[in-house]
S.K.: 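First the structure, then my questions, so here it is.
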2 protein chains.
Amino acid sequence: MGVVDRKEREKVEMKRQILDAARRLFLEQGFEKTSIRNIAEVIEYSAGTIYLYFKDKNEILFALHVEAFGALTQAMQAGIISKTDPFERLVALGKHYLKYAFENPELYDLMFVMTAPIETLECREEIWCDGERAFDTLKFVVEDCMKAGYFAGEDSESISVMMWSLVHGLATLHLRRRTMIFPEERRIKILENAYAKFTEMIHNYKK
Amino acid sequence: MGVVDRKEREKVEMKRQILDAARRLFLEQGFEKTSIRNIAEVIEYSAGTIYLYFKDKNEILFALHVEAFGALTQAMQAGIISKTDPFERLVALGKHYLKYAFENPELYDLMFVMTAPIETLECREEIWCDGERAFDTLKFVVEDCMKAGYFAGEDSESISVMMWSLVHGLATLHLRRRTMIFPEERRIKILENAYAKFTEMIHNYKK
DNA sequence: AAATAAAATGAACACTGTTCATAAAAACAA
DNA sequence: TTGTTTTTATGAACAGTGTTCATTTTATTT
């Protein structure tokens, strides 16, 4: 039957519409302040209809979570292929990670800061798989650096966690407005300097 | 009039009761999931009464914010006085900062992650003063290290932001459960290793 | 004891996420 | 085409939210 196929397509199409509306609203006004009724209004359906396509509000967030990680993975790959030298690659990887975070603040939030969805999806393996894959990408680049003579005698995991924490720290301090203690025109520069200093330090490090 | 004095004391006492109840509930179930009615129930008053002592829910959060920063300042001071050598001081400062974050997850959230209150209190100077003071403490210790020959030729601000970002990154990745990609029994060790590696690197760094 | 001032209440408002009986639309069978 | 069944959509209802405010209760002053 071609009908069942079309129905399937329509279902997917409807989910897309909901997700697009939800993403837009989440980006504009945040997760908490966006109501199911808001989303329904945008796509011109009743609130109840949303629940025919997604179990609850968190399920919508989860779907966006998957998409967001897809985009981050792409951004990270772009960083990797932009350089050939292993260490330059690592630096570029961090830069692209930060770029992604700054350009997609709400999505970054959703991936690495939000707790709301996590409680509900604690048992959900896929969530962690995405994060794990991203971390493994970082670790892989770090190990490449080690093969090229960097971080001699260190373990790649510690170096990777250190690197991740630093860029995540820079990203969240800024996204959550904690760089407000600095004058506005210098904020970005200050973050860039901190990252530059960090990469310089780990570059020149000898035991 | 002694009466007006007593009234003043009672007002303070009532505020204390509200704040204590609110802190407990925020710590237990988070800010969003705690309602004014919940707080009122704990102190055995009606919901409306809360609004005679605090303008709104955010005002309660703000009061706790001030308290939380007081406690962090204390924790940082404890780190500083625990050592005499400048660099050991810096390391201890970071350790005590992390300790505070792990022991007071919701308060740490409130200070460095939450966005909800910040929107409302954007214009509020006091908020940023507290954060600025904490950052200045860090910068001061970094500058002491420089006087002792560390970080030659660097500027203390970049080094301080780098340090802050790293510990903040470690703290938030863990508090927001993103270390779940690692096996449970190794999580803390992994964070400690990353911090140890970082301090080691900035310790041995020569331009 | 009466008048005044302060404090506490609880109903009301407009909102939230979610459910579910009902109604409309679409697909299939005769 | 008509009647039946399945799918999809609706909107009222529920229990909750933050917040306001007229009303009542309590405390103080005259």
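Below, read A as the first sequence line, B as the second, and so on, with proteins coming before strands; counting in each chain starts at 1. None of the values given here were measured: they were computed from a predicted structure.
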S.K.: The side chain of L52(B) is closest to which nucleotide in this list: dT9(C), dG18(D), dG17(C)?
M.R.: dT9(C)
S.K.: Taking the minimum atom-to-atom distance to the side chain of K7(A), which one of dA9(D), dT19(D), dT8(D) wins?
M.R.: dT8(D)
S.K.: Using whole Å, report how far NZ of K11(A) lies from P of dA26(C).
M.R.: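 Answer to the nearest Å: 16 Å.
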S.K.: Can you tell me how far P of dT16(C) sits from CD1 of I60(A), to the nearest Å?
M.R.: 14 Å
S.K.: For R187(B) and T179(B), indicate whether the former's side chain and the latter's backbone hold a donor-acceptor pair under 3.5 Å.
M.R.: yes
S.K.: How long is the line joining CD of E44(B) and C1' of dT9(C), in whole Å?
M.R.: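 Going from CD in E44(B) over to C1' in dT9(C) covers 15 Å.
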S.K.: Considering every strand and a 4.0 Å limit on heavy-atom distances, what is the contact class for T49(B): base, sugar-phosphate, or nothing?
M.R.: base
S.K.: Between the side chains of Y45(B) and Y53(B), is a donor N or O closer than 3.5 angstrom to an acceptor N or O?
M.R.: no
S.K.: Rounded to the nearest angstrom, tell me the gap between atom CG in N58(B) and atom C1' in dG18(D).
M.R.: 10 Å
S.K.: Between D136(A), T137(A), D130(A), which is the residue that forms a side chain to side chain donor-acceptor pair (under 3.5 Å) with R133(A)?
M.R.: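 Of D136(A), T137(A), D130(A), side chain to side chain donor-acceptor pair (under 3.5 Å) with R133(A) is met by D130(A) alone.
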S.K.: Between the side chain of K57(B) and the main-chain N/O of F31(B), is any donor-acceptor distance below 3.5 Å?
M.R.: yes
S.K.: Using whole Å, report how far CZ of R37(A) lies from C1' of dC15(C).
M.R.: 8 Å
S.K.: Separation of K57(B) atom NZ from dG16(D) atom C1', in whole Å?
M.R.: 12 Å
S.K.: Expressed as a whole number of angstroms, how long is the span from I50(B):CD1 to dT17(D):C1'?
M.R.: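 Distance, rounded to whole Å: 15 Å.
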S.K.: State which of dG18(D), dA9(D), dT18(C) makes the closest approach to the side chain of Y45(A).
M.R.: dA9(D)
S.K.: Fit a plane to each ring of H168(A) and F112(A), take the angle between them on a 0 to 90° scale, and name the class: parallel (under 30°), tilted (30 to 60°) or perpendicular (over 60°).
M.R.: perpendicular
S.K.: For a quick check of understanding: with a heavy-atom distance under 4.0 Å over all strands, which category does Y53(B) fall into, base, sugar-phosphate or nothing?
M.R.: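 Sugar-phosphate contact only - Y53(B) comes under 4.0 Å of backbone atoms but never of a base.
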S.K.: Can you tell me which nucleotide in dA8(C), dA9(D), dT17(D) comes closest to the side chain of S46(A)?
M.R.: dA9(D)
S.K.: Identify which nucleotide among dT19(D), dG17(C), dA8(C) has an atom closest to any side-chain atom of D56(B), counting heavy atoms from C-beta outward.
M.R.: dT19(D)
S.K.: More 5' along DNA chain D: E10(B) or T34(B), using each one's nearest nucleotide?
M.R.: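 Going by which nucleotide is closer to the 5' end, it is T34(B).
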S.K.: Measure CE/M14(B) against C1'/dA27(D) and give the value in whole Å, please.
M.R.: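 One finds 15 Å between C1' of dA27(D) and CE of M14(B), rounded.
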